[in-house]
Amino acid sequence: MVNQAAIPLLTPYKQQVGGKLELNHRVVLAPMTRCRSYGNVPQPHAVLYYTQRATSGGLLITEATGVSDTAQGYPETPGVWTQEHVEAWKPIVDAVHRKGALFICQLWHVGRVSTNGFQPDGLAPISSTDKQITPDGSGMVYSKPRRLRTDEIPQIVDDFRLAARNAIEAGFDGVEIHGANGYLLEQFMKDSSNDRTDEYGGSLENRCRFAVEVIEAVVREIGSHRVGIRLSPFLDYMDCVDSNPKALGSYMVQQLNKHEGFLYCHMVEPRMAIVDGRRQIQHGLLPFRKQFNGTFIAAGGYDREEGNKVITDGYTDLVSYGRLFLANPDLPRRFELDAPLNKYDRNTFYTQDPVVGYTDYPFLDEHNNDDDFGARSA
Ligand SMILES: Cc1cc2nc3c(=O)[nH]c(=O)nc-3n(C[C@H](O)[C@H](O)[C@H](O)COP(=O)(O)O)c2cc1C
């Protein structure tokens with residue numbers, strides 16, 4: 001029985017072109033760094049964090065997960081480059097699957113968003129460039145990076161390939177290549193942070209070459225139906241800005257379209273605009289959505305009302321929720337009931353406690369958090 005009264009966000013979704021993605025609803029857990037994987041090893045307490053947010057036929061994306069020992073830039077973030085990491089992920093993935101959700105591992109290399117202290121042997125972080133991120137006054141100072149030599153780049157591509165293989169071995173349904181938010185792939189893609197003169201710099205095609213090679217390597221390794229990507233052409237995080245974000249986004253979507261059945265394209269909206277004193281989503285992703293052949297996920301500033309609207313309008317297939325899902329483990333259920341939401345606590349976003357600001361956000365109904373959401377819409 002299909003629930004006739006379901007709000008658009010809670011309607012089922014089936015990938016149309018060549019793909020295999022089938023979901024009971026469209027409320028996706030956005031990738032969110034949680035600095036609680038001590039020594040880069042995923043911890044047993046992550047079972048609770050992710051299963052709290054898992055629903056039958058839902059889609060969860062992990063926190064950004066390092067592809068190698070040079071990929072780190074934040075304390076206690078998980079990796080997926082050693083067998084120990086793979087073994088540690090297995091029970092977490094398994095528990096999420098037992099709740100009937102799909103689980104995607106976000107593969108990450110921070111590039112220059114790091115310090116020598118996070119790097120093996122205290123070496124400089126690696127990047128497309130040797131330009132340091134301009135300190136923003138917050139007190140955080142990233143180290144001066146070292147520009148990768150051309151002949152070193154295949155090794156980094158291979159790190160992504162191997163990490164993808166490991167993620168599949170750990171049981172994940174697929175991977176999301178982190179090509180957003182100012183990290184390594186974006187450092188290559190955007191012209192503010194790519195000052196190279198080799199075949200990985202200069203023209204748009206050259207700047208995107210590294211990302212395209214990562215996508216191709218990962219697709220070859222695990223199959224296009226298990227590979228998604230996250231892109232944020234409009235954002236300016238970490239000194240990563242492009243002078244022509246529309247051309248950049250469009251070029252990347254064309255590359256994705258070459259891989260039939262590609263899992264999804266996940267894009268982050270431009271920064272919120274202030275209109276009449278209220279923060280508003282700018283809805284800048286439509287050209288990419290139209291151009292992309294597969295499943296589209298929109299992210300950045302969405303709430304229940306805006307999410308329903310963009311699903312109804314066909315602006316996107318799925319919507320990912322970050323901060324609201326962090327603070328409301330039963331977010332799809334709250335959306336269903338139009339229930340009030342818990343407020344997120346920014347102060348505990350990046351702290352290391354295994355409970356506080358992590359698994360202690362209350363459910364609407366503490367006796368009913370063994371959620372079978374979606375079972376109704378089979
Ligand atoms: C605590 C925190 C950690 C985040 N970590 C990641 C991350 O690991 N990978 C990523 O792609 N985006 C990350 N983001 C960005 C979110 O995925 C999302 O795009 C952003 O919060 C905007 O969506 P929202 O308005 O629904 O929160 C993070 C955001 C927050 C608040």
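Bear in mind the structure is a predicted one, so any value in this text is a computation, not a measurement. Counting starts at 1 for both ligands and their atoms, in listed order. In this chain, residues are counted from 1 in sequence order.
- An N or O contact shorter than 3.5 Å links N181 to ligand 1 by distance.
- For ligand 1, the polar-atom distance check finds no N/O of E63 at less than 3.5 Å from any of the ligand's N/O atoms.
- For the ligand labelled ligand 1, residue G300 lies inside the 4.0 Å heavy-atom shell.
- Among all non-hydrogen protein atoms, the one lying nearest atom 14 (N) of ligand 1 is P31 O, 3.5 Å.
- Protein heavy atoms are absent from the 4.0 Å sphere centred on atom 20 (C) of ligand 1.
- Nearest non-hydrogen protein atom to atom 8 (O) of ligand 1 is T33 OG1, 2.7 Å.
- Inspection of the E186 and S193 side chains reveals no N or O donor paired with an N or O acceptor under 3.5 Å.
- Using a cut-off of 4.0 Å between Lys/Arg side-chain N and Asp/Glu carboxylate O, R304 and D338 are scored as salt-bridged.
- The N/O atoms of G301, backbone and side chain alike, include one that comes under 3.5 Å of an N/O atom in ligand 1.
- Of all protein heavy atoms, the one lying nearest to atom 9 (N) of ligand 1 is Q106 OE1, 2.9 Å.
- A salt bridge does not link K309 to E306: none of the charged side-chain nitrogens sits closer than 4.0 Å to a carboxylate oxygen.
- The nearest protein atom to atom 26 (O) of ligand 1, hydrogens excluded, is given as G322 N, 2.8 Å; this is a heavy-atom distance.
- Between A30 and ligand 1, no N or O atom pair is found at a separation short of 3.5 Å.
- Near A64, meaning under 4.0 Å from any of its heavy atoms, are these atoms of ligand 1: 8 (O).
- Looking at ligand 1, you won't find any N or O of Y302 less than 3.5 Å from one of its N or O atoms.
- Residues T150 and D198 have side chains that bring a donor and an acceptor to within less than 3.5 angstrom of each other.
- Here the CD atom belonging to E216 is positioned 14.5 Å from the CZ atom belonging to R161, to the nearest 0.5 angstrom.
- Considering backbone and side-chain atoms alike, S320 places every N or O at 3.5 Å or more from each N or O of ligand 1.
- The protein heavy atom nearest to atom 31 (C) of ligand 1 is R323 CG, 3.5 Å.
- Salt-bridge check for R147 with D130: passed, with a basic side-chain N closer than 4.0 Å to an acidic carboxylate O.
- Separation of the Y344 and F349 ring centroids falls under the 6.0 Å cut-off.
- In this comparison of H178, M32, R230, the heavy atom closest to atom 18 (C) of ligand 1 sits on R230.
- Residue Y350 has no nitrogen or oxygen atom sitting less than 3.5 Å from a nitrogen or oxygen atom of ligand 1, judged on distance alone.
- Residue contacts with ligand 1 leave out L324, since none of its heavy atoms falls under 4.0 Å from the ligand.
- Checking Y74, W81, F160 one by one against W108, the ring pair (Phe, Tyr, Trp, His ring centres under 6.0 Å) holds for a single residue, Y74.
- Salt bridge E63/R34: absent, no basic N to carboxylate O contact under 4.0 Å.
- Of the charged side-chain nitrogens involved, none lies within less than 4.0 Å of a carboxylate oxygen, so that R53 and D330 do not count as a salt-bridged pair.
- The N/O atoms of Y321, backbone and side chain alike, include none that comes under 3.5 Å of an N/O atom in ligand 1.
- For an aromatic pair to be called close, the ring centres must be under 6.0 Å apart, and H97 with F103 fails this.
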